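The next block holds one structure in the form of structure tokens; read it before the comments.
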2 protein chains.
Amino acid sequence: MSTAEETDGDNTPWSEVTPEAARRLLLAAVEAFAERGYHATTTRDIAGRAGMSPAALYIHYKTKEELLHRISRIGHDRALLLLETAADQDGTASERLADAVRSFVSWHAERHTTARVVQYELEALGEEHRAEIVALRRRSDAAVRRIIGDGVRAGEFDVPDVPGTTLAVLSLCIDVARWFNAQGSRTPEEVGTLYADLVLRMVGATPKQ
Amino acid sequence: MSTAEETDGDNTPWSEVTPEAARRLLLAAVEAFAERGYHATTTRDIAGRAGMSPAALYIHYKTKEELLHRISRIGHDRALLLLETAADQDGTASERLADAVRSFVSWHAERHTTARVVQYELEALGEEHRAEIVALRRRSDAAVRRIIGDGVRAGEFDVPDVPGTTLAVLSLCIDVARWFNAQGSRTPEEVGTLYADLVLRMVGATPKQ
DNA sequence: GAGCGCTCTAAGCGCTTGCTCAGGTTCGCG
DNA sequence: CGCGAACCTGAGCAAGCGCTTAGAGCGCTC
């Protein structure tokens, strides 16, 4: 899983975090936050999972909250990249929307531990850090809204309430992180495909021949 | 189950909790848990909001976890009632599904503080309490699945993956509790109506004339 | 009006929390 | 080899946690 580095693709999401000890701590924090939640996780638990003493954490991070912020920032960057990449592509609005949902959802399923922290622990962030993250989320919303708006203008979609539908689509996709279970019967790709179909129906996309 | 309390309607949701001091504590706990999360909430905070000393809490509840369980239980009972009532009605599958989604969603919006605790603090429950709640959630799933299954059998719906779509529908509705804001521009009823429409599209309901 | 049960409080116990700090080990570099 | 920088640990501090206990105030019955 986390041995090979270099390419910053799907499979090595934390390569940008150095040195190695800082990355180990961050990965341990992701695991612990996802399992128990931020507030129920102790710095001793994080350090223990990384095989270090509690004090080692404070060499690499100023506070426990900084750990959460780093995780949240990296995760939001990644999620936003997926959506904006899909939005910027050539192709019909249907194709771009399906692509956006498929990649966004399968990422939320594949990396559901990370995504759970990213999506559901916002409230634990400090004032400034939260503001920074909220700005990223607004850009995610804008990317999806742009695709849907394009589809409506092109006559491809039938959407009475564009902002409301955008919100619902993003909400639907995000919530995958909450229920997805790696032991379950569906692969992340299967869920992505299912959800892409469901979202195309939500926007009343003209079924392709 | 719970003894009949006159009108146990939407507007008096905690009437079954007595005595009054216990209800005040419970309401304070709902507020605090919704704002900060279970683990970040202190018993002193709960008691303070209810205008009592910290020790008063333990006259009415054995532990802080029991408070969460009571909230979760009552909320799940209410949500399940909405879904099963809609599922048991006469009428087409489209009508029953729209009704289920409309009432379920507008409850999640109207009572979003309660719903947030009910839906997002499951992990904080103890072993047995969680098992009890999970059983209720399975019944919610079954109610929605039944409506969708009926619609497919009647030729009203076009759903390739019934369990997957059921999961997505419930997930979509539940997540309303996370993003709904009372200061926002939409009323709970508006969101319920929007979502009922979106869900009918998801199941490929034959548009009514 | 004495006794009793219910409700509540002031005080605080034992423990865990996030975080600090003095000191030790390992390393590259002259 | 000597030295400074980077990294890590053991021990522990102040604060806050969930929860308990002893007892006060109150309304009730007999």
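Below, chains carry the letters A, B, ... as their sequence lines are ordered, and counting in each starts from 1. Quantities reported herein were computed from a predicted structural model and do not represent experimental measurements.
Using a distance-only test at 3.5 Å, with no hydrogens or angles considered, a donor-acceptor pair links the side chain of B:E65 to the main chain of B:G126.
Looking at every heavy atom in both residues, B:E123 comes nearest to A:E35 through OE1-O, 3.6 Å. For the pair B:V101 and B:C173, the tightest heavy-atom approach, listed with the atom from each and the gap, is CG1-SG, 4.1 Å.
Phosphate proximity of C:dC6 to B:H60: absent, as no side-chain N or O sits under 4.0 Å from OP1 or OP2.
As a whole-Å value, the separation of B:K62 NZ from D:dT20 P is 11 Å. Residue A:D45 contributes atom CG, which lies 13 Å from atom C1' of C:dT17 at whole-angstrom precision. Rounded to a whole Å, the NE2 atom of A:H39 is 13 Å from the C1' atom of C:dG18. Rounded to an integer number of Å, the gap from CG of B:L25 to P of C:dT7 is 12 Å. Protein atom OH of A:Y38 is 14 Å distant from nucleotide atom P of C:dT17, rounded to whole Å. B:M52 has its CE atom 9 Å from the C1' atom of C:dT7, to the nearest Å. Atom-to-atom, OH of B:Y61 to P of C:dT7 comes out at 12 Å; the value is rounded to the nearest Å. Atom OH in A:Y58 sits about 6 Å away from atom P in C:dG18, given to the nearest Å.
Distances from the side chain of A:T42 to the nucleotides D:dT9, C:dC8, C:dT17 place C:dT17 closest. Side-chain atoms of A:T43 lie closest to C:dG18 of the nucleotides C:dT20, D:dG18, C:dG18. Among C:dT9, D:dC17, D:dC19, the nucleotide with an atom closest to any side-chain atom of B:S53 is C:dT9. In the set D:dT9, D:dT20, C:dT7, D:dT20 carries the atom at the smallest distance from any side-chain atom of B:A55. Minimum atom distance to the side chain of A:P54 is reached by C:dC19, of the listed D:dT9, C:dC19, C:dC8. Taking only side-chain atoms of B:K64, from C-beta outward, the nucleotide of C:dC8, D:dT20, D:dC19 with the closest atom is D:dC19.
In terms of polar N and O atoms assigned as donor or acceptor, the side chain of B:R44 never comes within less than 3.5 Å of the base of D:dG16 in a complementary pairing.
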